[in-house]
Amino acid sequence: MPKEKTTTRKSKAKAETGGKKKKDPNAPKRGLSAYMFFANDNRENVRAENEGISFGQVGKVLGERWKALNSKQREPYEAKAKADKERYEKEKAAYNDTPADDDEEEE
DNA sequence: AGACTGATTGTTCCA
DNA sequence: TGGAACAATCAGTCT
């Protein structure tokens, strides 16, 4: 089965599940994942321990390390992910508040 | 109501 | 400049 690659695949297979799926008109782009923040802090650490390794190795070890952590370690990362999610929530809220017609605009 | 898939995010590395 | 392994995640669509 195709790995379906990752990232930057945006409109790769589009809505193969049907074809419609308009999703978000404003698309508030979700927040980042805990892994994103985790990588931010580990990228230098992993690379420091494997100075000179290719991105492939870094990414892999990064994932392994991520799971190697305990919920406790993921706390700071999850916290960031949550914080980012909140940010997304605001956009989502605004996106929900978006005047569909022309009335109700609020401030 | 539950299941699922698609879309999205950030890193590093190189041609 | 973008694509690819790594993982999370969530929202909208489908059954």
Side-chain angles (χ1 to χ4, degrees):
Chain A
M1 292 39 259
K3 251 63 196 248
E4 253 103 88
K5 322 182 185 162
T6 27
T7 73
T8 30
R9 68 222 229 265
K10 278 121 200 175
S11 24
K12 58 142 192 135
K14 69 172 117 177
E16 69 131 67
T17 342
K20 10 188 179 162
K21 227 171 200 230
K22 52 166 164 64
K23 70 178 179 108
D24 307 75
N26 299 283
K29 321 272 181 116
R30 307 187 348 269
L32 284 79
S33 305
Y35 190 80
M36 301 290 98
F37 306 100
F38 166 82
N40 260 284
D41 268 45
N42 303 76
R43 87 199 134 159
E44 43 188 290
N45 185 64
V46 174
R47 262 192 85 218
E49 301 247 339
N50 303 275
E51 36 176 308
I53 65 171
S54 345
F55 140 65
Q57 312 324 303
V58 185
K60 279 187 172 177
V61 292
L62 215 35
E64 289 180 72
R65 301 273 292 182
W66 168 247
K67 291 174 176 170
L69 301 174
N70 308 300
S71 319
K72 177 185 209 183
Q73 271 78 217
R74 297 175 358 182
E75 264 186 78
Y77 308 113
E78 287 181 338
K80 285 177 165 241
K82 188 182 84 105
D84 203 76
K85 191 195 141 232
E86 289 182 64
R87 193 116 228 90
Y88 164 72
E89 269 184 48
K90 290 189 185 97
E91 297 180 69
K92 182 164 51 72
Y95 135 74
N96 271 312
D97 192 66
T98 302
D101 280 71
D102 47 284
D103 267 25
E104 264 59 276
E105 254 162 51
E106 268 70 83
E107 73 287 334

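Between the P atom of C:dC6 and the OH atom of A:Y35 lies a distance of 8 Å, rounded to the nearest Å. In this structure, NZ of A:K85 is placed 16 Å from C1' of B:dT9, rounded to the nearest angstrom. The distance between atom CD1 of A:I53 and atom P of C:dA4, rounded to the nearest whole Å, is 20 Å. Between the CD atom of A:Q57 and the P atom of C:dA5 there is a distance of 12 Å, rounded to whole Å. If you take CG of A:L62 and C1' of B:dT11, they are 7 Å apart, rounded to a whole angstrom. When rounded to the nearest whole Å, the span between CG of A:N50 and C1' of B:dC13 equals 14 Å. In this structure, the CD atom of A:E64 is 8 Å from the P atom of C:dA7, given to the nearest Å. The CD-P distance, from A:E78 to B:dT9, rounds to 21 Å in whole Å.
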Expected list for residues 75-88 of chain A: side-chain donor-acceptor pairs under 3.5 angstrom, two or more places apart:
residue : atom : partner : partner atom : Å
A:E78   : OE2  : A:R74   : NE           : 3.3
A:E78   : OE2  : A:R74   : NH2          : 2.6
A:D84   : OD2  : A:L32   : N            : 2.3
A:K85   : NZ   : A:E89   : OE2          : 2.9

Would you be so kind as to tabulate the donor-acceptor pairs closer than 3.5 Å made by side chains of residues 51-62 of chain A, with sequence neighbours excluded?
none

Side chains of residues 36-46 of chain A: which donor-acceptor pairs under 3.5 Å do they make with residues two or more places apart or in other chains?
residue : atom : partner : partner atom : Å
A:N40   : ND2  : A:M36   : O            : 2.9
A:R43   : NE   : A:N40   : O            : 2.7
A:R43   : NH2  : A:N40   : O            : 3.3

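The stretch residues 38-49 of chain A touches DNA chain B through A:N40, A:R43, A:R47, each having a heavy atom within less than 4.0 Å of the strand. Non-hydrogen atoms lying under 4.0 Å from DNA chain B are contributed by nothing in residues 65-75 of chain A.
Taking 3.5 Å as the limit, the base of C:dA11 and the side chain of A:R30 contain no donor-acceptor pair of atoms between them.
Comparing A:L32 and A:G59 by the nucleotide of DNA chain C whose heavy atom lies nearest to each, the residue mapping closer to the 5' end is A:G59.
The shortest heavy-atom contact between A:K29 and A:E91 is O-OE2, 4.3 Å.
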